[in-house]
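Note that this is a predicted model, so its numbers are computed, not measured. Sequential numbering from 1 along the given sequence is applied to the chain's residues. All values below were derived from every heavy atom in this structure, side-chain atoms included, with hydrogens, water molecules and symmetry-related copies excluded.
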Amino acid sequence: MSHISGALGAFTLTIGGRPVAGGPAFDVFNPATGRVVAAAPDCTREQLDEAVAAARAAFPAWAALAVAERRRFLVSMADAVDEHTQELAGLVVLEQGKPRPVAVAEVAGLALWLRQTAGLELPETVNQDDGERWSVTRRLPLGVVAAITPWNYPVGQASFKVGPALLAGNTVVLKPSAFTPLANLRLGELWRDLLPAGVVNVVADSGSLGSWVTGHPGFDKISFTGSTQTGRKVMASAAQHLARVTLELGGNDAAIVLPDVDVKEVAPQLFWAAFANSGQICLATKRLYVHEDVYDDLACELVRLAGQVRVGDPSESEVDLGPVSNRRQYETVVSLLRDCRDHGYRFLAGGLPEDGDGGWFVAPTLVDDPPESSRIVREEQFGPVLPLLKYRDVDDAVQRANAGEYALGASVWAGDPEAGQEVAARLEAGTVWVNEVMHLDPLVPFGGRKQSGIGVESGLAGLLEFTEPQTLSVRRSPR
């Protein structure tokens, strides 16, 4: 497709409150078929400059609004999302490949995050208030924020950035992944009639725009979610202009299963901890350490569950898991599976997909106790593959779980929650759960340690990432 048209209609960039056609269009693929389903407008460098200029021009008036006014705008944005939930979810299904109920939940999450974020308060700290001096530290907006979102949760990830940036008084240029631009472009179309011109701008690209954004001198803040490798490049580019950064990066999250668990009770939770969204979640369980006393029983339960899951086109009813979201990630997952096969690691379920001309499907795959040195253990698979790793001593399990460069999330599964908490306290991760995983809340911050990121998102701490402190000091008595 060489023009912006098709069954879905025309998509436009949103710049300065106006629809902009963009440059030559680029193709958007349906991962369930591998076929082109739409074309999206490709933002030119000049149009990026226009978007930044529009955001800069809108910033003073937006920052000057009372926080209560900005709250009302966030609520109206959430209302618009609610009114178009099914439409937006349909776009997510088409371009990302998750089943419709999961896509609907993602869109509903955007509305929830906007509303909950709107209720946060920007703190002011009175440092001194006496006859000599009044001193207060308050939080001020940074300016223009670049919000760069990934393809695994194209709408959901926007909620972690756009809402708090706006509430804090910043203006935004939102850039979705080249693989999943459609739902975000549609959000721009919905929101541009609700907000003052230039407060939220939405641009899309076929691949070059990311580096233009991170190196652009007009941004005061870069909020990026993506791989650790790309995050390093983002930080280097932002450093040229001392732009602030929040980086939510890769994870190779470990789960430790203690020997006192009820296997049948925890098995379904562990299965979906690893395979929800076809494993394409930064906080998904990607290494499962199981005590030798329950290893065989848990492995059998996971194999049984894998055999019951229906993998297919997410537009069809009763499909549990869709495809890997894009060809590049599919090839990464297949490469890891080939490495497992070539090294003789046993597949308990799933395995290498058969060649075909359909979509990018990989069945839920369980790998039986590969060595710690294997690629499937050391690398983030970001797909429906889970290594099961046997341990005897919990100290050994903790040491192995803490190994490596990633430290985003982790979980411990125990019949005795207090014993689980003791193990959890020893794990090096930004968030550690006991007897649950991937529980997020708009009012609770999350972020990574080590190479899994810088800064946090959500909650008051996430809101403060879009501000900087200013101290005002007034001397009341003469010297």
Side-chain angles (χ1 to χ4, degrees), residues 63 67-68 70-71 74 77-78 109-127 136-150 153 156-172 174 219-226 228 231 234-235 238 242-251 253 281-283 406-411 424-425 427-434 436-471:
V67 175
R70 297 201 292 266
R71 284 197 183 96
L74 260 65
M77 293 166 68
L110 168 59
L112 171 66
W113 243 259
L114 287 169
R115 287 195 176 90
Q116 292 292 310
T117 298
L120 293 171
E121 297 280 353
L122 285 166
E124 286 192 356
T125 302
V126 176
N127 310 304
V136 63
T137 299
R138 55 186 181 170
R139 308 296 301 204
L140 301 183
L142 295 167
V144 179
V145 171
I148 305 176
T149 58
Y153 278 86
Q157 290 286 344
S159 67
F160 301 148
K161 306 177 188 304
V162 175
L166 294 181
L167 182 67
N170 303 281
T171 53
V172 174
L174 172 62
F219 287 111
D220 303 288
K221 164 87 178 187
I222 310 291
S223 180
F224 170 82
T225 299
T228 295
V234 170
M235 191 171 184
L242 292 182
R244 278 60 169 172
V245 295
T246 296
L247 305 176
E248 201 271 282
L249 307 178
D253 292 18
I281 306 176
C282 58
L283 289 166
Y406 298 112
L408 187 57
S411 61
L427 294 178
E428 299 170 356
T431 303
V432 185
W433 294 272
V434 176
E436 65 176 359
V437 70
M438 293 192 291
H439 173 72
L440 300 178
D441 187 289
L443 304 181
V444 177
F446 78 94
R449 299 173 62 186
K450 297 183 181 178
Q451 298 292 303
S452 285
I454 293 175
V456 298
E457 294 187 309
S458 294
L460 177 60
L463 174 63
L464 296 183
E465 293 269 330
F466 294 96
T467 69
E468 57 189 354
Q470 181 195 60
T471 296

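The backbone N or O of Ala118 lies less than 3.5 Å from a partner atom in the side chain of Arg71, making a donor-acceptor pair. The closest donor-acceptor contact from the side chain of Asn170 to the backbone of Leu142 lies under 3.5 Å. Side-chain N or O atoms of Arg138 include none that pairs as donor or acceptor with a backbone N or O of Gln470 at under 3.5 Å. Remark: side-chain polar atoms of Ser452 are paired, donor with acceptor, to backbone N or O of Gly250 under 3.5 angstrom. Thr467 contributes a side-chain N or O that, together with a main-chain N or O of Leu464, makes up a donor-acceptor pair within less than 3.5 Å. In this structure, the side chain of Ser159 does not engage the main chain of Trp113 through any donor-acceptor pair within 3.5 Å.
Looking at heavy atoms from C-beta onward, Val145 lies out of side-chain contact with Arg244 at the 4.5 angstrom threshold. Under the 4.5 Å side-chain criterion, counting only non-hydrogen atoms from C-beta, Glu457 is not in contact with Glu465. Between Ser458 and Leu440, the closest side-chain pair of non-hydrogen atoms is not below 4.5 Å. You'll find the side chain of Leu167 reaches within 4.5 Å of the side chain of Val67, heavy atoms only. Between Thr228 and Tyr406, the closest side-chain pair of non-hydrogen atoms falls below 4.5 Å. A 4.5 Å side-chain heavy-atom check between Lys221 and Thr246 finds at least one atom pair inside the cut-off. Taking 4.5 Å as the limit, some side-chain heavy atom of Phe446 sits within range of a side-chain heavy atom of Glu248. Proximity of Leu166 to Phe466: side-chain heavy atoms (C-beta onward) are nowhere separated by under 4.5 Å.
Atom-to-atom distance recorded for Thr117:OG1 and Met77:CE is 10.5 Å, nearest 0.5 angstrom. Distance check: Ile281 CD1 to Tyr153 OH gives 3.5 Å after rounding to the nearest 0.5 Å. Thr225 contributes atom OG1, which lies 8.5 Å from atom CG of Leu247 (distance to the nearest 0.5 angstrom).
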> Passes side chain to side chain contact (heavy atoms under 4.5 Å, CB included), Leu112 versus Arg115? Steps please.
Replying inline: CA-CA 5 Å; Leu112 171 66; Arg115 287 195 176 90; 5.7 Å; no
>> One pair to check against side chain to side chain contact (heavy atoms under 4.5 Å, CB included): Leu120 and Leu443. What are the steps and the verdict?
In response: CA-CA 8 Å; Leu120 293 171; Leu443 304 181; 3.7 Å; yes
>> One pair to check against side chain to side chain contact (heavy atoms under 4.5 Å, CB included): Asp253 and Leu283. What are the steps and the verdict?
In response: CA-CA 6 Å; Asp253 292 18; Leu283 289 166; 3.7 Å; yes
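With hydrogens and angles left out, the side-chain atoms of Thr137 and Thr471 include a donor and acceptor closer than 3.5 Å.
Residues Leu408 and Leu249 approach most closely at CD2-O, 3.9 Å, considering heavy atoms. When every heavy atom of Ala410 is checked against every heavy atom of Leu427, the shortest pair comes out as CB-CD1, 3.9 Å. Of all non-hydrogen atoms in Pro123 and Leu460, the two that sit nearest each other are CD-CD1, 4.0 Å. Of all non-hydrogen atoms in Ala238 and Val245, the two that sit nearest each other are CB-CG1, 3.5 Å. Heavy atoms only, all atoms of each residue included: Arg70 and Ala63 are closest at NH1-O, 3.2 Å. For the residue pair Ala111 and Ala78, the shortest heavy atom distance occurs at O-CB, 3.6 Å.
Summarising the local packing, CE of Met235 is surrounded by 12 or fewer heavy atoms from other residues, nucleotides or ligands at distances under 6.0 Å.
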